[in-house]
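Written out below as structure tokens is the structure these notes cover.
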Amino acid sequence: METQIEDSVMAETEAEKTKQIVVLLIGPPGSGKSTFCDSVMCSSHRPWSRICQDIISNGKAGTKAQCLKMAIESLKEGKSVFIDRCNLDKEQRSEFIKLGGSEVEVHAVVLELPASVCVSRSVKRTGHEGNLQGGRAAAVVNKMLQGKELPKMNEGFSRIMFCYNDADVENAVNTYSKLGVMDSLPSGCFGQKNTDTKSQPGIMKFFKKVSAVPSSSSNEATEATRKANEKTENVRVLPAKLGSSDIVYTLAFPSISTADFQFDLEKASDIIVEKAEEFLPRLGTARLVLVDLSHGSKILSAVKAKASRKNIDAARFFTFVGDITKLHSEGGLNYNVIANAANWRLKPGGGGVNAAIFKAAGTDLEAATRTRANTLLPGKAVVVPLPSTSPLHNAEGITHVIHVLGPNMNPNRPNCLNNDYTKGCQTLREAYTSLFEGFLSIVQDQSKFPKRSNPATVPVSGENIKDDSERNKKYKGPQDMAVASNLESGPLKETRDSGKKMSKGWSSWALALHAIAIHPERHENVVLESSDKIVVINDQYPKARKHLLVLARQESVDGLEDVRRENLQLLQEMHNVGLKWVKKFQNEDASLIFRLGYHSVPSMRQLHLHVISQDFESDHLKNKKHWNSFTSSFFRDSVDVLEEVKSQGKAHVESEDVLKSELRCSRCRSAHPNIPKLKSHVRSCRSQFPEYLLDNNRLLARLESS
DNA sequence: GTTCTAGAAC
DNA sequence: GTTCTAGAAC
């Protein structure tokens with residue numbers, strides 16, 4: 001018996017020592033992944049299998065699935081495994097990480113060499129198994145690095161080594177070469193620096209300096225990868241020379257403010273021509289196309305006439321008749337960026353161009369817009385990259401939508417300027433400036449991957465290149481545009497005026513309520529009640545003994561800030577449903593006391609009414625923000641919201657700053673130094689509630705509270 | 001919104 | 001030493 005036990009202990013110890021390893025190489029083409037594997041395998045005493053996606057299919061490129069299959073087979077044979085593919089993002093890595101287990105450790109070796117090194121190696125190599133060579137290489141490498149996510153231990157790695165230069169690589173090669181069958185390496189993350197080489201500095205500098213060079217589309221690199229196998233590129237073609245097949249960057253835009261906002265056509269056409277003339281020289285070969293739906297459009301003919309009088313290049317600035325969402329499929333126009341005559345809430349609806357674009361782009365555009373901005377001021381623009389899943393991206397080739405808000409002269413629309421054309425023209429000029437600058441930033445951004453430049457000759461010093469330093473100074477990337485556009489204050493008083501909120505989008509975690517409200521049928525397990533107007537659920541992290549949420553189902557009402565008179569019926573319905581549940585709970589326990597209300601600034605998207613008992617007995621109530629969001633003026637009682645919307649058309653929204661104020665008992669208002677002490681006090685406090693809460697049925701108690 | 005955790009507060 | 005908060009990451 002004893003020997004048996006000893007044997008099994010021995011076996012376990014041994015098994016631990018002989019753990020196999022899966023090593024994921026992480027790096028773009030040219031980073032030296034294959035060389036790394038070869039170097040280790042040359043001198044290692046451990047059996048290794050190198051799994052290279054570029055050659056897995058009888059010497060040709062194969063699939064991730066093939067790699068996985070081969071990895072499993074190699075592990076069964078007792079070999080350790082190198083996964084020799086780029087593995088640049090978490091998703092790409094996840095399935096290989098799953099190969100790990102009690103018998104198998106998963107490591108990462110990150111080859112973070114300068115992008116320029118990778119590009120130059122990719123370009124120079126002739127016998128590379130992936131056949132990624134020539135001028136396309138730079139585009140591919142740079143595009144890949146854009147989407148790169150560095151590995152983290154919590155993905156499931158037991159060890160990560162970062163290499164930033166040849167010395168680091170050599171060190172890593174040695175580490176793995178020396179690793180005998182019985183050895184293991186310490187786990188942890190080694191060598192990581194803070195710097196991140198998402199882009200290739202040299203190439204960026206270069207493309208900022210040359211005039212904007214159009215490229216076919218943002219899919220350039222993907223397309224390049226595919227074509228790299230078919231074409232032998234002449235890498236010596238200069239950037240300025242464009243083949244006839246090249247697609248030129250094109251912005252299609254509607255006339256801003258002249259439709260629904262009733263802006264004077266003559267004045268508007270002057271401004272359009274003036275701004276186009278100003279921007280064309282900066283836009284390289286990119287084109288501006290004014291679009292209108294109807295052939296008899298007065299704005300188109302006015303602009304056409306004025307542009308012709310000013311001798312503006314008609315090949316680069318022209319008018320086009322058609323549906324702005326179908327100019328390619330129905331009009332044969334190649335274009336990649338469209339402007340939207342947006343509303344200040346950046347939401348679908350209203351009719352016209354705005355409705356058409358949101359409809360054609362699908363929900364992707366709405367979601368993408370939210371990550372950039374919540375609202376827009378007149379005269380401002382926000383650049384939104386269109387996800388490749390959007391129908392507009394696929395069918396028309398549109399990669400970006402730029403929302404623009406122009407001045408309004410229509411008394412039936414918000415912020416009417418009452419014929420003040422001094423202000424109006426100023427704002428319209430500003431709107432076109434914002435729009436064209438946004439477009440310029442896209443063109444510059446995409447020019448990182450020029451179609452026919454030779455990245456191998458990317459100059460370290462750019463003698464032959466004209467320096468357009470003015471542009472360098474003045475224009476920022478699209479993301480900066482979005483922020484800048486929203487941080488500036490303007491005449492739109494209704495707009496949320498805290499820069500923080502305005503530039504905030506909805507993170508993925510904040511969309512859960514929205515998903516339930518829109519598709520309650522997909523969340524049957526959590527839905528307590530639903531109708532066509534509302535859905536009732538338990539708060540997932542209740543902050544009191546009873547804590548429900550009544551969700552509005554209507555799209556586009558994200559929170560209290562969006563509520564207007566037209567939503568009164570909805571608010572009343574939500575309130576009534578809340579009351580009904582309060583009654584139900586009080587029938588079960590008459591001592592429960594409730595409040596119904598909204599958070600001034602919700603963390604989660606979709607208007608939701610809190611129905612919460614006032615005991616606050618919950619382990620989920622953990623911090624100051626939790627407490628203050630239910631007990632300070634940040635919590636807006638439903639009765640008050642209803643009253644304010646009825647009388648003023650909207651509800652007061654308290655600043656988030658109050659969430660940081662001191663901790664006070666919701667009954668006796670005494671202050672407490674920290675959450676545990678506060679909670680302990682609240683458990684035993686039997687004071688009367690403040691007078692304010694006893695008014696107007698803000699507090700819903702079955703019995704007289706004592 | 002929560003979770004995790006470094007470091008401040010005690 | 002432990003408790004608690006606050007900021008980052010998700």
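Below, chains carry the letters A, B, ... as their sequence lines are ordered, and counting in each starts from 1. Treat the numbers as computed from the prediction; the structure is a model and nothing was measured.
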Checklist outcome for this item: In whole angstroms, the gap separating P of C:dC4 from CG of A:L663 amounts to 13 Å
Item to check | Under the ring-ring contact (aromatic ring centres under 6.0 Å, His included) test, residues paired with A:F162 that sit two or more places apart | outcome: none
Checklist entry - Are A:D562 and A:K347 within salt-bridge range, i.e. N to O under 4.0 Å? => result yes
Next on the checklist: Need one value for A:I675: base, sugar-phosphate or nothing, where a base atom within 4.0 Å counts as base even if backbone is also close, heavy atoms only.
Outcome noted: sugar-phosphate
Checklist entry - Do the charged groups of A:E366 and A:R370 touch, with an N to O distance under 4.0 Å? => result no
Checklist entry - C:dC4 P sits how many Å from A:H672 NE2, rounded? => result 15 Å
Checklist outcome for this item: Here the distance between atom P of C:dC10 and atom CH2 of A:W509, to the nearest Å, is 14 Å
Next on the checklist: Once side chain to side chain donor-acceptor pair (under 3.5 Å) is applied, do any residues pair with A:E521, and if so which ones, sequence neighbours excluded?
Outcome noted: A:H519
Next on the checklist: Counting the atoms with a prime plus P, OP1 and OP2 as sugar-phosphate, which does A:H608 contact under 4.0 Å by heavy atoms, base, sugar-phosphate, or nothing?
Outcome noted: nothing
Checklist entry - For the side chain of A:R698 and the backbone of A:Y692, is there at least one donor-acceptor N/O pair under 3.5 Å apart? => result yes
Checklist entry - How close or far is atom P of B:dT2 from atom CE of A:M604, stated in whole angstroms? => result 9 Å
Item to check | Atom-to-atom span, CD of A:E149 to C1' of C:dA9 - whole angstrom | outcome: 13 Å
Next on the checklist: Need one value for A:K90: base, sugar-phosphate or nothing, where a base atom within 4.0 Å counts as base even if backbone is also close, heavy atoms only.
Outcome noted: nothing
Item to check | Between C:dA9 (P) and A:L150 (CG): distance, integer Å | outcome: 13 Å
Next on the checklist: Treating A:K33 as the side-chain partner and A:P28 as the backbone partner, does any N or O pair qualify as donor plus acceptor under 3.5 Å?
Outcome noted: yes
Next on the checklist: Using a strict heavy-atom distance below 4.0 Å, which residues from residues 613-632 of chain A are in contact with DNA chain B?
Outcome noted: A:K622, A:H626
Checklist entry - Do the side-chain N or O atoms of A:K152 get closer than 4.0 angstrom to the phosphate oxygens (OP1, OP2) of C:dC10? => result yes
